[in-house]
There are 2 protein chains.
Amino acid sequence: MGILRKTKSVKILLDEFEEQSTAISAITLIERLHLKMNKTTIYRILDKLEDDGFLHSFLGKNGHKWYAKCSGCSSEEHHDIHPHFQCLDCGKVDCLPTDILIPDIPNRKVHVSQILLQGTCEACFN
Amino acid sequence: MGILRKTKSVKILLDEFEEQSTAISAITLIERLHLKMNKTTIYRILDKLEDDGFLHSFLGKNGHKWYAKCSGCSSEEHHDIHPHFQCLDCGKVDCLPTDILIPDIPNRKVHVSQILLQGTCEACFN
DNA sequence: ATATTTACTGCAACTAAGTTGCGTTAAACG
DNA sequence: CGTTTAACGCAACTTAGTTGCAGTAAATAT
């Protein structure tokens, strides 16, 4: 049901995503903010921000949860199904604007696609 | 370092994948075989069968580990990077022969791609 | 066929990400 | 300022997967 009150904790988390355009894992946030708030709070707020269409989540390598800002989503619909790129050197995860074409598959209907690419990122490439 | 001895447990696990062409999650195998072997053994054998190039693994929804037979892989190289399809109705997961084209991404080098499609499968479609 | 070696197994205890219940705190609003 | 209740912190839990170690059983040698 999304965020109802703009608490101190909510503001702190929003700031984290404002400062950084890359995706952030729940684990990273828990480490980074453990003096400021409890991990339960972090998970609950992330959940709600996702419901609100402010963040979207996906699973990185190891099946751990990552969050990144949405662009143009609402609480009604998430329409930012894009691939994510995780750098195997520095671990950074970005959203890729690139669209990957999912071909039609006979007798199946694809609703969701989760694409995680792994390799070497811009910064680590040089 | 792969399988060295063809034990009873190894044979039982190989049979599971022989009988079924779809992917099987580690959790399912643990449930299904808990009278025949310990979960530690299951995880260890699956690991080794993957090293051997007999199985490949990937993460399903929830980040849980799934395994499926390889076709034409060796202990040197896995070259069956294909998309996987998980049915949201029955939960079944298949390997898709379809190739999905990963476009070149400026200043990044893609090494691995993990594509999980979710939707409605053949059987649940009708 | 029996003995020896050591890879493999089972068990119990652990790790770590994420969840739940509940009593307390602090936003929001009259 | 007082009341309401959403949100918080804490501790305890859940569960997938891992680790260490002593005992078992494949494979190989005798």
Side-chain angles (χ1 to χ4, degrees), chain A residues 1-17 23-68 75 84 86 91 93 114 116, chain B residues 1-17 23-68 75 84 86 91 93 114 116:
Chain A
M1 51 170 158
I3 294 284
L4 299 173
R5 294 184 185 177
K6 206 151 196 179
T7 63
K8 220 166 69 178
S9 303
V10 171
K11 281 175 204 154
I12 292 171
L13 270 171
L14 287 174
D15 276 357
E16 290 292 323
F17 286 95
I24 317 178
S25 71
I27 299 170
T28 304
L29 286 168
I30 291 166
E31 256 177 58
R32 196 184 287 172
L33 301 174
H34 77 280
L35 293 174
K36 295 184 182 170
M37 71 186 85
N38 191 275
K39 70 171 177 168
T40 313
T41 306
I42 294 179
Y43 280 118
R44 286 198 274 230
I45 293 177
L46 290 174
D47 249 26
K48 291 184 179 174
L49 289 174
E50 188 173 12
D51 279 357
D52 279 353
F54 182 82
L55 296 179
H56 63 277
S57 74
F58 57 94
L59 301 176
K61 189 69 186 166
N62 308 105
H64 295 164
K65 228 166 178 194
W66 287 73
Y67 287 86
S75 52
H84 294 96
Q86 183 161 34
V93 178
Q114 200 181 106
L116 180 66
Chain B
M1 49 167 160
I3 294 285
L4 299 173
R5 293 184 185 177
K6 205 149 199 183
T7 64
K8 219 165 75 178
S9 303
V10 171
K11 280 175 204 155
I12 292 170
L13 271 171
L14 287 175
D15 276 357
E16 290 294 320
F17 285 95
I24 316 177
S25 71
I27 297 169
T28 303
L29 286 169
I30 290 167
E31 256 177 59
R32 195 183 289 172
L33 301 174
H34 77 280
L35 293 174
K36 295 185 181 170
M37 71 185 86
N38 191 274
K39 69 170 177 169
T40 313
T41 305
I42 294 178
Y43 281 117
R44 286 197 275 230
I45 293 178
L46 290 174
D47 250 27
K48 291 184 181 176
L49 288 174
E50 190 173 13
D51 279 356
D52 278 354
F54 182 81
L55 296 178
H56 63 278
S57 74
F58 57 94
L59 301 176
K61 190 68 185 167
N62 309 106
H64 295 165
K65 228 165 177 193
W66 288 73
Y67 288 86
S75 51
H84 293 97
Q86 183 159 35
V93 179
Q114 200 180 106
L116 181 66

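Below, chain A is the first sequence line, B the second, and so on; all start at residue 1. What's counted below: heavy atoms across the whole structure, side chains too, no hydrogens, waters or symmetry copies. Fair warning: this is a prediction, and the values are worked out from it, not measured in the lab.
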Residue list, side-chain hydrogen bond (donor to acceptor under 3.5 Å, both in side chains) with A/R44, at least two apart or on another chain
none
Rounded to whole Å, CG of B/N38 lies from P of D/dT19 at a distance of 15 Å
Starting from P on C/dT9, measure out to CG on B/L4 and report it in whole angstrom.
11 Å
Check side-chain hydrogen bond (donor to acceptor under 3.5 Å, both in side chains) between B/S25 and all other residues, then give those that pass, not counting sequence neighbours.
B/T28
Residue pairs meeting salt bridge (charged side-chain N to carboxylate O under 4.0 Å, His left out), one or both in residues 4-13 of chain B, sequence neighbours left out, come to none
Closest heavy-atom contact between B/I24 and B/E16?
CD1-O, 3.9 Å
Taking atom P of C/dA17 as reference, at what distance in whole Å does atom NE2 of A/H34 sit?
14 Å
What is the separation between atom CZ on A/F58 and atom P on C/dG18, rounded to the nearest whole Å?
12 Å
To the nearest Å, how far apart are A/D52 CG and D/dA6 P?
15 Å
By side-chain contact (heavy atoms from CB on, under 4.5 Å), B/I12 pairs with (sequence neighbours left out) B/L33, B/K36, B/M37
Mind checking what makes side-chain contact (heavy atoms from CB on, under 4.5 Å) contact with B/L116, not counting sequence neighbours?
A/Q114, B/H84, B/Q86, B/Q118
Can you check nucleotides 16-18 of chain D for protein contacts, nitrogen or oxygen pairs under 3.5 Å, and list what you find?
residue: D/dG17; atom: OP1; partner: B/K65; partner atom: N; Å: 2.9
residue: D/dG17; atom: OP2; partner: B/Y43; partner atom: OH; Å: 2.8
residue: D/dG17; atom: O5'; partner: B/Y43; partner atom: OH; Å: 3.4
residue: D/dG17; atom: N7; partner: B/K39; partner atom: NZ; Å: 3.1
residue: D/dG17; atom: O6; partner: B/K39; partner atom: NZ; Å: 3.0

Would you give the length of the straight line joining atom CG of B/D52 to atom CG of B/D47, rounded to the nearest 0.5 angstrom?
11.0 Å
Separation of D/dA7 atom C1' from A/L46 atom CG, nearest Å, is 15 Å
Under 3.5 Å, sequence neighbours excluded: what are the donor-acceptor pairs made by side chains of residues 58-67 of chain A?
none

Smallest separation among heavy atoms of A/E31 and A/H34, with atom names
O-ND1, 2.8 Å
Protein N or O to nucleotides 22-26 of chain D N or O, pairs below 3.5 Å:
residue: D/dA26; atom: N3; partner: B/R5; partner atom: NH1; Å: 3.1

Among residues at least two apart in sequence or on other chains, which ones pass side-chain hydrogen bond (donor to acceptor under 3.5 Å, both in side chains) with A/N38?
A/T40
With sequence neighbours excluded, residues passing side-chain contact (heavy atoms from CB on, under 4.5 Å) with B/I45:
B/I3, B/S9, B/V10, B/L13, B/T41, B/L49
Using atom CG of B/L13 as one end and atom C1' of C/dC8 as the other, report the distance to the nearest whole Å.
13 Å
End-to-end axis angle, where each axis spans five pairs of the helix from C/dA1-D/dT30 to C/dG30-D/dC1, to 10°:
30°
Round to the nearest Å and state the distance from B/I3 atom CD1 to C/dC8 atom P.
6 Å
If you check every side-chain atom of B/R44, which of D/dG9, D/dC21, D/dA7 has the closest atom?
D/dC21
